[in-house]
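All remarks here apply to the structure that follows.
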Number of protein chains: 2
Amino acid sequence: MASTAQPTTLTDIEREVIAFFVGAVQALGLPKSLGEIYGLLYISPEPLSMDEIMTRLQISLGSASQGLKQLRSFNAVRTAYKPGQRRDYYEAETEMRKLLGNFLREQMRPHLEAGKERLDHLEELMSASPDIAPTQRQRIQKLQSWNQHADRLLPMLNLFLRS
Amino acid sequence: MASTAQPTTLTDIEREVIAFFVGAVQALGLPKSLGEIYGLLYISPEPLSMDEIMTRLQISLGSASQGLKQLRSFNAVRTAYKPGQRRDYYEAETEMRKLLGNFLREQMRPHLEAGKERLDHLEELMSASPDIAPTQRQRIQKLQSWNQHADRLLPMLNLFLRS
DNA sequence: TGACATTTTCATTTTATTTTGAAATAAGTT
DNA sequence: AACTTATTTCAAAATAAAATGAAAATGTCA
């Protein structure tokens, strides 16, 4: 029964919370293991050591280490200081706003910037090609104007997350 | 030079537009070939046949067919009727609003729904476990309340796309 | 410092995704 | 109908991504 679960066993509830986050990270195109680790930490009342994460999720040392690293990289997880303890303990950032905000900042922005550079380059190419088809010119302009919209999107999302 | 490109060759501009969309679809976790096909159609002044898509992008028959299928599935591409022509011609939906709107509807919604079901299930599990740790109960409630926020996000994005 | 515990790194293996192309299907023409 | 052209499907191959675990690096304590 769930109430006397072994340390290496997950309760139904834990399993379901983990599944929830696995689905979420997969929707964002991130590896499943990130969802597992985050989910476990999210539902855990206490910070967990890497060792506990490994045994409870049945994942390898490397996965655990790399997963935690990535999760810390966008502040989804932080190390919790436990006095007199040698090993590190990890806990989840449970504030969804911060979580999503950080994620957008770290993962989306680079793509947007890369896109902007490409559009700048297109601008140059277009000036250098006076013979370009009018339709093509229009389409590129459309892209450029839309990119400016996109710039407003991120701030707006942040506003939403603050609400 | 670019201005005298062979039919099977891409101009610098075309290449750059395609690269732009490849980046975009990859940011969304979709296969590169979708970006290539869409990009080519986007910058093409005329609808293209599958054959032209294959030869210009140097991709296989299967990729072209499957890629177009997927792109049509969320209305990023449609077939353009050309009278008296045997083969199908494809053109891009150039309205970014529709494009993004369709994408969110098709790809995001299912994930959100799956998440909602999981949360409902958690609700049940929680009622069945009176002995659950208070922290865990709180965390699950947090998840549920946040999920309601998420419901408001999609409509808001649509609003934005309309602006 | 030396012994031990813990975490990180990284080459290899495993797994999952994407692409390919040949065969099957469909659609049009004579 | 037979023939041709175009498209879809799908099993196999190629590629890409993720997980593994042993070795290296780092950190801690006596």
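Here the structure is a predicted model, which is why all the values come from computation and not from measurement. Atom set for the values below is all heavy atoms of this structure, side chains included, hydrogens, waters and symmetry mates excluded. Per chain, numbering begins at 1; letters A, B, ... match sequence-line order.
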Measure [atom1]/[X] against [atom2]/[N] and give the value in whole Å, please.
| X | N | atom1 | atom2 | value |
| --- | --- | --- | --- | --- |
| B:Tyr89 | D:dT5 | OH | P | 14 Å |
| B:Tyr90 | D:dA6 | OH | P | 11 Å |
| A:Arg87 | D:dC29 | CZ | C1' | 15 Å |
| A:Ile53 | C:dT8 | CD1 | P | 11 Å |
| B:Gln85 | D:dT4 | CD | P | 20 Å |
| B:Gln26 | D:dA17 | CD | C1' | 13 Å |
| A:Met54 | C:dT8 | CE | C1' | 13 Å |
| B:Ile37 | D:dT7 | CD1 | P | 13 Å |

Which residue lies more 5' along DNA chain D, comparing B:Asp51 with A:Gly84 via nearest heavy atoms:
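Final value for this comparison: B:Asp51.
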Check this for me: [X], atom [atom1], are more than 12 non-hydrogen atoms of other residues, nucleotides or ligands nearer than 6.0 Å?
| X | atom1 | answer |
| --- | --- | --- |
| B:Lys142 | NZ | yes |
| B:Glu106 | CD | yes |
| B:Arg72 | CZ | yes |

Heavy-atom side-chain proximity of A:Glu123 to A:Leu119 below 4.5 angstrom
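A side-chain contact is absent here, since even the closest heavy-atom pair is not under 4.5 Å.
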Given side chains that start at C-beta, do those of B:Leu10 and B:Leu40 come closer than 4.5 Å, heavy atoms only?
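Yes, side chains in contact.
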Is the distance from OP1 or OP2 of C:dT19 to the nearest side-chain N or O of B:Ser33 less than 4.0 Å?
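Yes, such a contact exists.
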I want to check one thing: is the phosphate of C:dA5, taken as OP1 and OP2, less than 4.0 Å away from some side-chain N or O of A:Arg86?
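A:Arg86 to C:dA5 OP1/OP2: no side-chain N or O under 4.0 Å.
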Which of residues 59-77 of chain A sit near DNA chain C, with a heavy atom under 4.0 Å from it?
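Heavy-atom contacts with DNA chain C come from A:Leu61, A:Gly62, A:Ser65, A:Gln66, A:Lys69, A:Arg72.
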Side chains of A:Ser145 and A:Gln148: donor-acceptor distance under 3.5 Å anywhere?
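No, no side-chain donor-acceptor pair sits under 3.5 Å.
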For A:Asp88, report the nucleic acid contact type (base, sugar-phosphate, nothing); a contact means any heavy atom under 4.0 Å.
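Sugar-phosphate contact only - A:Asp88 comes under 4.0 Å of backbone atoms but never of a base.
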Report the residue from B:Phe103, B:Phe74, B:Phe21 that forms a ring pair (Phe, Tyr, Trp, His ring centres under 6.0 Å) with B:Tyr38.
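In the set B:Phe103, B:Phe74, B:Phe21, the residue that makes a ring pair (Phe, Tyr, Trp, His ring centres under 6.0 Å) with B:Tyr38 is B:Phe21.
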